[in-house]
Amino acid sequence: MKQIIALLTFFVLGEASAQDKTNYSFSLSQAIDYAIKNNYTAKNASKDLEIAKQKKWETTTMGLPQISGSVNYLNNLKLQTNIIDFGGTPVALTFGTFNNMDAKLTLNQLIFDGSYIVGLQSAKTYLKISENAIKKTEQEIREITTNSYGNVLLAEESIKIIEKNKTILEKTLNDTKQIYKNGFAEEESVERLQITLSQVNSSLDYAKRMQIVATNMLKLLLGIELNENIMLTEKLEDLTSKNIDLAVLSNEFKVENNIDYQIGKNIEESNRLLLKLQKSKALPSLGAQANFGYNTFGNQFTMFDSNQQWFNYSNIGIGLNVPIFSSFGRSSRTQQAKIALEQSKIKLTETEQKLKLEYQKAKSDYEYAVAQYENSKNNLKLAERIENKQSVKFKEGLSTSFEFTEAQRQLYAAQQSFLQSMIDVINKRAAIEKLTQKN
């Protein structure tokens, strides 16, 4: 009975575990949208934006009224003695009480401070930098997800092709063994086919391992648990056809739309504000303060008794701080800020030139990838025809096993080259879109 209960428990837990798994299904566009929302890096970028918004508000509050409260208690263990001169005769007197307590509210208000105005502008720039960082993260996730999605399809197609090759090769090997037994083929022919089959089995094992790795990499990018199930709805060849459009090469590349250029502009603006901040420190600052409180005194600690007398007080004040001389410290910091601004301008020019060069290279790579795809497709057809002819000749005894296995190797290489050419088209198109995408 215990064994039956244990067995039922095992099946129930197994079924529950299977039901806990989620089955995901994605086209490429769905995978990209899902990754942008759920990728771990994207989530952290969103958190950085939230921090930037809070930082902006923190800076804003520095110019708003600040209210603080305080309660102070002082116990004079021994009262201080003072000497007072009465008509030439010094007299020692003790003033005060042993217990003093004070409770007050203080209102501080900044009236003018140049650094505060610059701080508000810097907070806006900091927020813009965080927003652009999210856009850059999204673009990178879009490109990496496209590459990873294609790698999974590549692994799947490789497995299908290799398994098909294996099936054909196994049949050829079995037929050749029979021919050899009948004395119409050499042993070397069998051995060559066995070597080829061993290589195909090795390639198949590697492709299956790569499929697992590529699938898990895609899951990681999507923010999905590695033990979950995922299915891709696109086909590699269909996806390649969608990405072949040479018209994209005629689009004008506007470097100012590129996110890296915009981030460079943000850095330049940040350094400009830093220079402005250093200059503002030479300006005076003005602030106001108001205090309202109560205090009480006594030689005994009776501060919380109902008949204890408390005395209220209040005051207001204005403070003006004028920087006069800093031994040229402010001038040195201002010069440093000027140099940093000049550096950011040089860096922005460098970024602009690099982006133009990257775009030229991306165009060239994409054109080459499309040309290689067409070339690989034609080469595959030729390799298939050659392999078919050599297969017929070999079975009829009109060609050697060396010629046949060489034709097979050419076919296998052409198949892998064709698969890789499709991935290159997809990846190179993604690289162009990353550079030209508007924000």
Side-chain angles (χ1 to χ4, degrees), residues 44-45 47-70 72 104-136 255-256 258-293 314-355:
N44 271 335
K47 296 297 182 184
D48 288 338
L49 179 59
E50 292 178 16
I51 292 173
K53 290 178 179 178
Q54 294 300 323
K55 194 75 176 178
K56 181 173 181 279
W57 176 245
E58 176 191 356
T59 304
T60 303
T61 59
M62 293 171 63
L64 300 178
Q66 309 289 319
I67 299 176
S68 60
S70 64
N72 298 293
K104 69 175 180 178
L105 291 175
T106 300
L107 169 66
N108 288 289
Q109 176 62 57
L110 180 66
I111 298 176
F112 174 79
D113 190 333
S115 61
Y116 171 69
I117 297 173
V118 178
L120 288 178
Q121 296 172 334
S122 298
K124 292 179 181 178
T125 301
Y126 178 66
L127 180 60
K128 188 64 177 176
I129 289 174
S130 298
E131 290 173 346
N132 282 337
I134 283 185
K135 293 176 182 177
K136 182 174 175 61
V255 69
E256 61 271 13
N258 185 276
I259 193 64
D260 289 324
Y261 182 84
Q262 292 178 7
I263 289 175
K265 289 289 289 184
N266 292 152
I267 294 173
E268 180 187 11
E269 176 65 10
S270 178
N271 285 326
R272 186 186 69 79
L273 290 172
L274 180 61
L275 174 60
K276 191 175 180 180
L277 174 64
Q278 295 301 331
K279 290 180 177 180
S280 71
K281 289 182 179 180
L283 299 175
S285 60
L286 182 65
Q289 186 182 80
N291 293 290
F292 176 80
S314 60
N315 57 65
I316 59 173
I318 295 178
L320 178 66
N321 181 33
V322 182
I324 297 176
F325 183 65
S326 65
S327 296
F328 303 106
R330 282 195 306 273
S331 176
S332 177
R333 290 189 291 272
T334 301
Q335 290 303 316
Q336 292 177 54
K338 282 183 179 179
I339 295 171
L341 177 58
E342 291 170 359
Q343 286 179 320
S344 63
K345 289 180 178 179
I346 294 171
K347 187 67 177 178
L348 182 62
T349 302
E350 181 187 17
T351 299
E352 180 179 359
Q353 297 304 312
K354 280 185 175 180
L355 288 171

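Treat the numbers as computed from the prediction; the structure is a model and nothing was measured.
- The shortest heavy-atom contact between A288 and I111 is CB-CD1, 3.8 Å.
- Atom CD1 in I134 sits 4.0 Å away from atom CG in L49 (nearest 0.5 Å).
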Distance-only donor-acceptor pairs under 3.5 Å for side chains of residues 317-327, two or more places apart:
residue, atom, partner, partner atom, Å
S326, OG, G329, N, 3.4
S326, OG, R330, N, 3.2

Contacts table for residues 341-350: side-chain donor-acceptor under 3.5 angstrom, sequence neighbours left out:
residue, atom, partner, partner atom, Å
S344, OG, L341, O, 2.6
K347, NZ, E350, OE1, 3.4
T349, OG1, K345, O, 3.1
E350, OE2, K354, NZ, 3.4

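- Taking each heavy atom of F292 and S314 in turn, the nearest pair found is CD1-CB, 3.9 Å.
- For the atom pair T334 OG1 and I339 CD1, the distance stands at 11.0 Å (nearest 0.5 Å).
- Applying the side chain to side chain donor-acceptor pair (under 3.5 Å) definition to pairs two or more places apart or across chains, none involves residues 49-62.
- In this structure, the separation between CD on Q278 and CG on L273 is 12.0 Å, given to the nearest 0.5 Å.
- For residues 268-278, every residue pair satisfying the salt bridge (Lys or Arg N to Asp or Glu O under 4.0 Å) rule, not counting sequence neighbours, is listed here: K265-E268, E269-R272.
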Please tabulate, for side-chain N and O atoms in residues 123-131, each donor-acceptor pair with protein atoms closer than 3.5 Å (sequence neighbours left out).
residue, atom, partner, partner atom, Å
T125, OG1, Q121, O, 3.2
S130, OG, Y126, O, 3.2

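- The two residues E256 and Y261 come nearest to each other via the heavy atoms CA-CD2, 3.5 Å.
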Output, in order, the C-alpha distance, side-chain angles, deciding distance and verdict of side-chain hydrogen bond (donor to acceptor under 3.5 Å, both in side chains) for T351 and D260.
CA-CA 8 Å; T351 299; D260 289 324; over 6 Å; no
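- Across all non-hydrogen atoms, the minimal contact from S115 to D113 is OG-OD1, 2.7 Å.
- The OG atom of S70 sits 8.0 Å away from the CG atom of L105 when rounded to the nearest 0.5 Å.
- Identified under the ring-ring contact (aromatic ring centres under 6.0 Å, His included) test for residues 329-349, with sequence neighbours left out: none.
- Heavy atoms only, all atoms of each residue included: I316 and A290 are closest at CG2-CB, 3.8 Å.
- A distance of 12.5 Å separates CD of Q336 from CG of N271, quoted to the nearest 0.5 Å.
- Taking CG of N132 as the start and CD of Q262 as the end, the distance is 5.5 Å to the nearest 0.5 Å.
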